[in-house]
Amino acid sequence: MRGKPREAGVSAADELIHDHIAETAAIPADGRVIDLGCGRGPTLAAFARRYLGARLTGLDRSAVSVEAARNLLAGRAGGVEIEVVDLGKPTPLPDRCADAVVSYNLLECLPEPAALLAEAWRLLKPGGRAVIAHVDFDSIVIAGADRELDRRICHAFTDDQQPWMDHADGRIGRKLPGLVNSSPLTLERAHPWGTSSTELTGPAARRVENIRHVLTGAVRNGRTSVEVDEIEAWYAKIEEAAECGHFFFAETALVVSALC
Ligand SMILES: C[S@@+](CC[C@H](N)C(=O)[O-])C[C@H]1O[C@@H](n2cnc3c(N)ncnc32)[C@H](O)[C@@H]1O
């Protein structure tokens with residue numbers, strides 16, 4: 001692999017969407033990209049691999065994630081700025097400063113996603129490109145668990161507002177084209193990005209564990225009507241299915257590119 005080492009816990013399969021976002025952005029070799037909700041920096045790392053001279057700017061509200069992103073990109077030649085910023089408000093960056101603005105899995109937790117798209121438009125140079133991508137959590141397909149229980153668990157996960165979120169819209173992936181069409185940006189392309197596995201490993205295992213962990217926390221905090229016993233019964237069935245070759249996992253992210 002060229003460029004920076006992988007972030008701990010991020011496998012090659014998880015990196016594919018970040019590389020796809022970087023490829024779709026198609027910035028000049030020395031262009032500037034701003035990642036809104038950069039988290040621990042996997043998308044910025046994909047830009048660093050692809051565009052060796054690019055200027056990378058990442059914004060995120062979590063100081064812990066910003067620190068991790070800075071560490072991930074440490075030592076990279078070329079500009080890297082990663083700052084703690086609340087994206088529920090306008091950013092402190094000037095108009096028309098970026099060749100691309102990207103965002104992955106942020107919008108679901110903003111009460112006003114339209115404001116973020118307007119901000120992306122403000123930050124872009126004329127002709128610049130926004131690439132907004134988001135998993136649609138209602139697209140999760142799992143073979144292995146009991147039908148009714150699986151529906152109950154997956155819907156509870158999709159609808160849960162976790163403590164770090166100001167809002168929750170687990171179905172925002174499918175709304176991205178409409179949101180872009182209501183923004184000052186011009187929709188270029190909307191397409192699905194699928195992740196799938198017949199094994200309970202990699203991204204599939206991480207999502208199943210993520211659902212189990214989030215919903216167990218939701219039970220503890222009284223945010224869901226699902227019971228811990230149900231979550232564990234669901235999980236046990238999935239493990240059982242994986243052992244006898246009956247497991248399947250798929251989820252879809254929507255990837256939208258739009259021009260300023
Ligand atoms: C699911 S993570 C995705 C992170 C990253 N894009 C990735 O692909 O790994 C969502 C990120 O949005 C950030 N976030 C949530 N609300 C935010 C807000 N109001 N302002 C800035 N960042 C926010 C969280 O801190 C978190 O890092």
Side-chain angles (χ1 to χ4, degrees), residues 4 6-25 33-50 56-73 80-93 100-120 123 130-140 157-173 176 193 195 202-203 206-207 209-211 213-214 217 251-256:
K4 291 277 146 199
R6 279 182 195 131
E7 180 187 6
V10 176
S11 72
D14 291 333
E15 280 178 2
L16 293 177
I17 180 105
H18 303 288
D19 285 323
H20 178 64
I21 291 169
E23 182 183 10
T24 304
V33 60
I34 301 173
D35 185 356
L36 302 176
C38 65
R40 300 169 74 86
T43 310
L44 290 175
F47 274 90
R49 286 192 290 274
R50 178 170 284 267
L56 311 177
T57 302
L59 306 177
D60 198 283
R61 186 168 64 177
S62 160
V64 171
S65 294
V66 162
E67 191 54 33
R70 284 179 183 153
N71 289 337
L72 182 66
L73 276 302
V80 180
E81 302 135 324
I82 305 175
E83 304 297 338
V84 176
V85 168
D86 181 358
L87 292 165
K89 302 172 189 155
T91 68
L93 300 173
V101 173
V102 301
S103 184
Y104 179 54
N105 281 354
L106 165 72
L107 274 187
E108 65 161 336
C109 55
L110 299 183
E112 293 182 50
L116 191 93
L117 295 184
E119 183 65 5
L123 293 171
V131 183
I132 312 292
H134 214 297
V135 173
D136 189 299
F137 294 102
D138 242 359
S139 76
I140 293 175
F157 174 72
T158 298
D159 295 340
D160 186 49
Q161 182 173 337
Q162 298 171 54
W164 58 274
M165 303 162 98
D166 294 340
H167 177 75
D169 184 352
R171 288 162 60 93
I172 198 145
L176 292 182
W193 179 269
T195 301
R206 275 188 283 283
R207 179 63 73 208
E209 284 294 352
N210 176 223
I211 294 172
H213 174 76
V214 165
E251 72 179 19
T252 301
L254 266 288
V255 182
V256 165

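Heavy atoms only: backbone and side chains are in, while hydrogens, waters and symmetry mates are out. Ligands are counted one by one from 1 in listed order, and the atoms in each one are counted from 1 as well.
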Output all residues satisfying side-chain hydrogen bond (donor to acceptor under 3.5 Å, both in side chains) with Asp86, sequence neighbours left out; order by chain, then residue number. none
Hey, which of Val102, Asp35, Leu73 is the one that makes side-chain contact (heavy atoms from CB on, under 4.5 Å) with Phe47? Val102
One thing to verify: whether Lys89 and Glu112 come together as a salt bridge, which I'm taking to mean a side-chain N less than 4.0 angstrom from a carboxylate O. no
Would you say the rings of Tyr104 and His18 are close, in the sense that their centroids are separated by under 6.0 Å? yes
Using the test side-chain hydrogen bond (donor to acceptor under 3.5 Å, both in side chains), find all partners of Asp159 that sit at least two apart in sequence or belong to another chain. none
Atom pairs, nitrogen or oxygen, ligand 1 to protein, under 3.5 angstrom:
residue: ligand 1; atom: 6 (N); partner: Gly37; partner atom: O; Å: 2.7
residue: ligand 1; atom: 6 (N); partner: Tyr104; partner atom: O; Å: 2.8
residue: ligand 1; atom: 19 (N); partner: Asp86; partner atom: OD1; Å: 2.9
residue: ligand 1; atom: 20 (N); partner: Leu87; partner atom: N; Å: 2.7
residue: ligand 1; atom: 22 (N); partner: Arg61; partner atom: N; Å: 3.1
residue: ligand 1; atom: 25 (O); partner: Asp60; partner atom: OD1; Å: 2.7
residue: ligand 1; atom: 27 (O); partner: Asp60; partner atom: OD1; Å: 3.3
residue: ligand 1; atom: 27 (O); partner: Asp60; partner atom: OD2; Å: 2.7

With Glu119 via salt bridge (charged side-chain N to carboxylate O under 4.0 Å, His left out) - residues at least two apart: Arg122
